[in-house]
Amino acid sequence: MPTMADLAGFDAPAVRAALLAWYDQGHRPMPWRFIAPARPDPYHVLVSEAMLQQTQVATVIAYFHRFIAAFPTLAALAAADEQQVLRQWQGLGYYRRARNLHRAAKQIVVNHGGEVPADVAALRELPGVGPYTAGAIASIAFALPEAVVDGNVARVLARWLALRHPIDKPATQRWLWHAARVLAPSTSADRPGDYNQAVMELGAMVCSPRSPTCSTCPVARWCRAKAMGLADQLPVVSPRRRPTTQTHHILALRRGRRLLFSQRPDTGLWAGMWQMPTLETDSGQISPATIMTWGREHLGLTLADPSQTHAFTHLTTHRAITFRLWRSDVEGGRLARGAGQWRELDDLTDLPLSNPQRRIVALLRNQDNHPPARRRINRGADRCSR
Ligand code: SF4
């Protein structure tokens, strides 16, 4: 394990000064970012930090503008219906963040008079706010001397300090947090929010995961990894586990011009979002007869000769999900209570859909406009956030 001796001799004040000077000269503009003494709206920081978890800045900016236009204040977000919130988040993935943000806004209204609390302990009480997010909000929105450790910070610190231990291990993470606190500014006057953003900016723009550009790095002279010729070998990370594989059989069930949509459960993957009825399995193939039986038992519907038309694979952090699209007309039966809603494909604006479901809807719309000469299974693969 690394020890505190690993921090000895590291000239933190000089690194902070060089880093902030670099940041002041050329940081990326972001709608929630202001340079001290100007301060951002704490609500904007809360929203941006929720969106930035697992998602890159370039992707977040358009969603941030859209979200703030829909919910201009924390009170407006707290008063919104969860389906509206999910709808504004649609496409950004990792929808639990949206649900947690919504719950956090409600909690802030009830417990803090509608003002984002300027206190790490109180921030940590909010749904979805872990140590990183609490430190980020406290330092960026309120200039409190709090440290942060996310993926970018961990990589930068591991290189500054030539850390040879896997940064994903809990003990190393604890050490990194300690190191981050030692190195970060200890007073508000020393711009802790800007410093934290500067470290993350360095990690994103210069000290990149595979090819750090040390020749342009503003803190290269203090970097131990560079001095030891280890910059592109650090940080050390544990081997990744293979993602679990699943198959989701999506049933595009037609009754006239309308298709059936149902809501996912309140917990788990894509919680609370809408989809075409889905049969989830660990194995790849099932028969049309199985689809018909499932439709009868779970939906109360008699299906006509289901046929599979498309398949594609969607990768999330821990799963490789193969989507198989089945199409069938509904011949009879009575839709089971709570099994869903019949909707035309042009009437889905109020239903939040995950990215794979949106892909399937687009595909069905396209097929409706351009019916295929003959049916065949198309295969594809994509990688995107949930
Ligand atoms: Fe990263 Fe290279 Fe700068 Fe060190 S010198 S912090 S490895 S970019």
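Counting from 1, the numbers follow the sequence of the chain as shown. All ligand and atom numbering here is 1-based and tracks the order in the structure. Atom set for the values below is all heavy atoms of this structure, side chains included, hydrogens, waters and symmetry mates excluded.
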Check ligand 1 against [X] and write out every atom of the ligand that is under 4.0 Å from a heavy-atom position of the residue.
{"X": "K226", "result": "5 (S)"}
{"X": "A220", "result": "5 (S)"}
{"X": "C207", "result": "1 (Fe), 6 (S), 7 (S), 8 (S)"}
{"X": "A231", "result": "7 (S)"}
{"X": "W160", "result": "6 (S)"}
{"X": "C223", "result": "4 (Fe), 5 (S), 6 (S), 7 (S)"}

- Query: Can the ring centres of H44 and F64 be said to be less than 6.0 Å apart?
  - Reply: yes

- Between the side chain of R33 and the main-chain N/O of R28, is any donor-acceptor distance below 3.5 Å? yes

- Query: Are D168 and R240 close enough for a salt bridge, meaning some N to O gap below 4.0 Å?
  - Reply: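 Salt bridge: no.
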
- Message: Could you tell me if E49 and W32 have a donor-acceptor pair between their side chains, going purely by distance under 3.5 Å?
- Response: no

- Does a side chain donor of either S354 or R264 reach within less than 3.5 Å of an acceptor in the other side chain? no

- Taking every non-hydrogen atom, the tightest pair across Q173 and I167: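 Nearest pair, atom of Q173 first, then I167: NE2-O, 2.8 Å.
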
- Query: Strictly under 2.8 Å, is any N, O or S atom of C214 next to atom 2 (Fe) of ligand 1?
  - Reply: yes

